[in-house]
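A quick write-up on the structure given underneath.
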Amino acid sequence: MLTQLTISHFAIVRELEIDFSGGMTTITGETGAGKSIAIDALGLCLGNRGDANMVRPGATRADLCARFSLSDTPSAQRWLEEHHLDDHNECLLRRTVSADGRSRGFINGTSVPLSQLRELGSLLIQIHGQHAHQQLLEPRYQKQLLDIYAHEPALLKSMKSAYQTWHQSCQTLAAFQQLSLEREARQQLIDYHLKELNEFQPVQGEYPELDQEYKRLSNCGQFLTLSQNSLQILSDNEEQNILSMLNVAKHEIAELTAMESQFNSLLEMLEEATIQISEVSDELRHYSDRLEMDPNRLFEVEKRMSKYISLSRKHRVAPEELYDLHQQLIEEKNALLRQNDDCDALIEQVKADHLIALDVAKQLHQVRQQYANELSQLITNSMHQLSMPHGYFTVDTYFDDSSLQIDGATKVEFHVTTNPGQPHQALSKVASGGELSRIALAIQVITAKKMDTPALIFDEVDVGISGPTAAIVGKLLRELGESTQVMCVTHLPQVAGCGHQHYFVNKETNGEETETTMKLLSKKERLQELARLLAGSEVTKNTLANAKDLLAA
């Protein structure tokens with residue numbers, strides 16, 4: 001429940017503090033006095049858009065503060081606790097707007113984004129503007145009103161979740177398919193490259209081995225000549241070679257050793273040299289025996305190495321890396337093939353998510369149908385009370401699975417007939433301005449009883465209503481005020497007289513400045529104001545008597 005509204009330097013208000021009570025509060029005043037200014041200020045506290053024009057001329061900023069009691073608002077209390085903004089059973093919404101247009105929002109003293117003000121504000125109070133009856137002609141608003149009356153938040157939440165899941169899977173599939181042409185082009189290129197590489201079949205580590213073999217085969221003649229020459233020098237020359245000369249030297253030194261033992265070490269060194277040269281000769285001889293001239297093999301090695309080099313240049317990699325490239329292309333092709341399978345899986349997922357969303361939409365439609373019948377009867381009864389005795393109202397629902405949206409697949413249409421012989425048609429084709437205003441008010445009062453929101457504001461929603469009908473409207477609002485806090489800006493005395501409290505808005509000027517004030521009327525002052533509303537500019541004994549009758553009623 002709204003308990004207090006404080007306004008500072010807002011529009012033509014200098015300073016204003018209003019204390020609100022439960023029940024029905026009416027607000028009246030002269031035309032142009034600023035009766036809706038408190039509602040505009042409250043709207044800013046609830047997160048509405050603000051601008052520099054809202055700041056009182058000469059002031060640096062406008063400061064607005066709305067205080068709520070949460071004893072009857074468990075949903076708002078839970079929201080505050082979830083966002084760590086709770087302050088026992090009270091909530092303070094504050095909004096400042098500076099002269100340069102910048103604004104800030106606060107919840108219980110903590111700075112918050114305006115989105116959080118709006119989110120919390122929707123749980124605290126509902127404002128019905130004077131143009132609400134025009135909204136009534138919009139199909140989306142008609143569905144919204146039916147959902148408010150049905151009051152099935154859990155089912156609506158399930159519908160939203162199911163739709164979002166389906167929508168997300170559709171987006172995933174669309175993005176996947178959008179890239180399909182690129183994948184197809186890439187796959188064609190990979191197939192082209194793989195055709196060559198599959199035919200060639202590069203082997204891991206093959207190129208370095210080929211390079212070594214090529215060097216050996218291409219230099220085979222030179223290798224053989226050099227090894228034979230070395231063998232001739234070391235051991236194979238019959239006339240003179242190193243090994244035979246070493247043997248002669250050993251014989252001579254052996255004789256020296258026989259005569260002088262100090263030459264033993266030299267003889268041992270020559271023995272070791274003889275052994276090593278013999279081993280070198282054996283290795284060279286063994287290498288020469290194995291070395292064969294093979295032109296055919298050399299041609300094959302040259303040909304394969306040439307292909308390695310050609311393909312590596314084409315793919316801009318080193319020849320040693322051609323095998324790895326081949327394996328990468330094979331894996332990429334397999335991945336693309338798996339992606340084609342993924343596409344089929346995504347299509348199936350979209351179908352499955354769509355069926356789930358449709359199932360929830362059908363459940364929601366059945367609930368809407370049930371409550372549409374109840375709401376139709378209630379609105380028809382209210383029309384009879386509001387001086388439309390022949391009125392007949394229906395809330396018609398149609399299920400259209402081809403237009404599945406986040407709020408289901410139900411189309412809602414309000415149909416009405418207000419006079420005998422008049423066809424039962426869409427609301428926009430039948431109702432006049434006054435009739436539409438009365439129907440809108442009846443719907444607002446009916447749906448308000450189903451809301452969790454503990455406070456309701458009606459801003460001149462009784463436009464186009466007068467006489468006995470106005471008295472009925474006043475009684476309806478007062479009846480609503482018995483269970484919900486109701487604030488009503490009105491110009492009708494019949495409505496104003498039904499309030500539990502009555503505020504009067506007055507605009508004063510000294511020729512240089514203008515200021516609006518708002519005052520809670522005493523019983524005597526209230527009689528004067530009701531008389532003014534009844535009579536206009538001149539209050540007579542008769543209008544005062546009529547005002548007393550209104551209060552007594």
Side-chain angles (χ1 to χ4, degrees), residues 47-49 75 79 115-116 118-119 121-123 126-129 131-178 343 345-376 378-379 393-416 425-429 436 439-440 443-444 446-448 450-453:
N48 288 353
R49 185 177 179 180
S75 57
W79 188 96
S115 59
Q116 287 196 334
R118 287 191 288 268
E119 191 175 341
S122 66
L123 302 174
Q126 293 286 336
I127 299 177
H128 300 277
H131 302 296
H133 62 283
Q134 296 299 330
Q135 285 183 286
L136 195 59
L137 303 178
E138 300 173 8
R140 178 168 289 277
Y141 186 64
Q142 293 175 1
K143 184 189 291 188
Q144 182 181 341
L145 287 173
L146 176 58
D147 286 339
I148 290 172
Y149 179 77
H151 194 62
E152 291 284 346
L155 192 52
L156 283 171
K157 185 178 180 180
S158 297
M159 182 67 254
K160 180 179 179 180
S161 176
Y163 176 82
Q164 288 175 335
T165 300
W166 171 57
H167 190 252
Q168 182 59 50
S169 60
C170 288
Q171 286 184 321
T172 303
L173 176 61
F176 193 91
Q177 290 174 332
Q178 189 173 3
C343 184
L346 286 175
I347 292 172
E348 292 303 315
Q349 187 62 51
V350 168
K351 291 179 181 178
D353 291 340
H354 184 243
L355 288 175
I356 292 172
L358 272 181
D359 185 59
V360 179
K362 288 175 183 177
Q363 296 177 41
L364 183 58
H365 177 68
Q366 291 173 354
V367 170
R368 282 171 171 158
Q369 278 185 315
Q370 174 188 342
Y371 284 101
N373 294 332
E374 290 183 18
L375 185 58
S376 298
L378 289 173
I379 296 174
F393 191 96
T394 59
V395 180
D396 297 321
T397 59
Y398 312 92
F399 187 80
D400 182 7
D401 57 4
S402 64
S403 61
L404 182 63
Q405 297 293 327
I406 197 167
D407 58 356
T410 305
K411 289 187 175 181
V412 178
E413 293 181 6
F414 287 1
H415 289 82
V416 67
Q425 292 181 318
L427 190 61
S428 58
K429 296 181 179 179
L436 188 61
I439 293 171
I443 293 174
Q444 288 168 4
I446 291 168
T447 55
K450 284 292 194 84
M451 292 181 181
D452 288 334
T453 311

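All of these numbers come straight from a predicted model, not from anything done at the bench.
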(request) Could you please spell out the steps behind the side chain to side chain contact (heavy atoms under 4.5 Å, CB included) verdict for Ile443 and Phe414? (result) CA-CA 11 Å; Ile443 293 174; Phe414 287 1; 3.9 Å; yes

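- His365 and Thr410 share a side-chain donor-acceptor pair at under 3.5 Å.
- Using a 4.5 Å heavy-atom threshold, the side chains of Leu364 and Phe399 count as separate.
- For the 3.5 Å distance criterion, the side chains of Thr397 and Arg368 fail to qualify, holding no donor opposite an acceptor.
- The backbone N or O of Val395 sits less than 3.5 Å from a side-chain atom of Ser376, completing a donor-acceptor pair.
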(request) Step by step, work out the side chain to side chain contact (heavy atoms under 4.5 Å, CB included) result for Gln171 and Gln168. (result) CA-CA 5 Å; Gln171 286 184 321; Gln168 182 59 50; 3.6 Å; yes

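- Between Tyr149 and Glu374 there is a side-chain heavy-atom pair separated by less than 4.5 Å.
- Under the 4.5 Å side-chain criterion, counting only non-hydrogen atoms from C-beta, Ile406 is not in contact with His167.
- Between Val412 and Gln142, the closest heavy-atom pair is O-OE1, 3.4 Å.
- The backbone N or O of Val416 sits nowhere less than 3.5 Å from a side-chain atom of Gln425 that would complete a donor-acceptor pair.
- Once rounded to the nearest 0.5 Å, the distance linking CG of Leu346 with CZ of Phe176 reads 6.0 Å.
- The salt bridge (charged side-chain N to carboxylate O under 4.0 Å, His left out) analysis of residues 394-405, with sequence neighbours excluded, yields the pairs Asp400-Lys411.
- Between Gln349 and Leu173, the closest side-chain pair of non-hydrogen atoms is not below 4.5 Å.
- Considering only heavy atoms from C-beta on, Leu145 comes within 4.5 Å of Leu136 through its side chain.
- Rounded to the nearest 0.5 angstrom, Ile127 CD1 and Asn48 CG are separated by 6.5 Å.
- The shortest side-chain heavy-atom distance between Lys143 and Asp147 falls under the 4.5 Å cut-off.
- Here Arg140 contributes atom CZ and Asp407 contributes atom CG; the two are 5.0 Å apart, rounded to the nearest 0.5 Å.
- Taking each heavy atom of Ala409 and Ala361 in turn, the nearest pair found is N-CB, 3.9 Å.
- For the pair Phe393/Leu427, a side-chain contact is recorded, criterion being any heavy-atom separation below 4.5 Å from C-beta on.
- Pairing each heavy atom of Gln126 with each of Ser122, the nearest pair is NE2-O, 3.2 Å.
- Screening residues 155-177 for salt bridge (charged side-chain N to carboxylate O under 4.0 Å, His left out), with sequence neighbours left out, gives no hits.
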(message) As a quick check of understanding, evaluate side chain to side chain contact (heavy atoms under 4.5 Å, CB included) for His151 and Tyr371, giving each step before the final call.
(response) CA-CA 9 Å; His151 194 62; Tyr371 284 101; over 6 Å; no

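- No hydrogens or angles considered: a donor-acceptor pair under 3.5 Å links the side chains of Asp359 and Gln363.
- Looking only at side-chain heavy atoms (C-beta outward), Trp166 and Ile356 stay at 4.5 Å or farther from each other.
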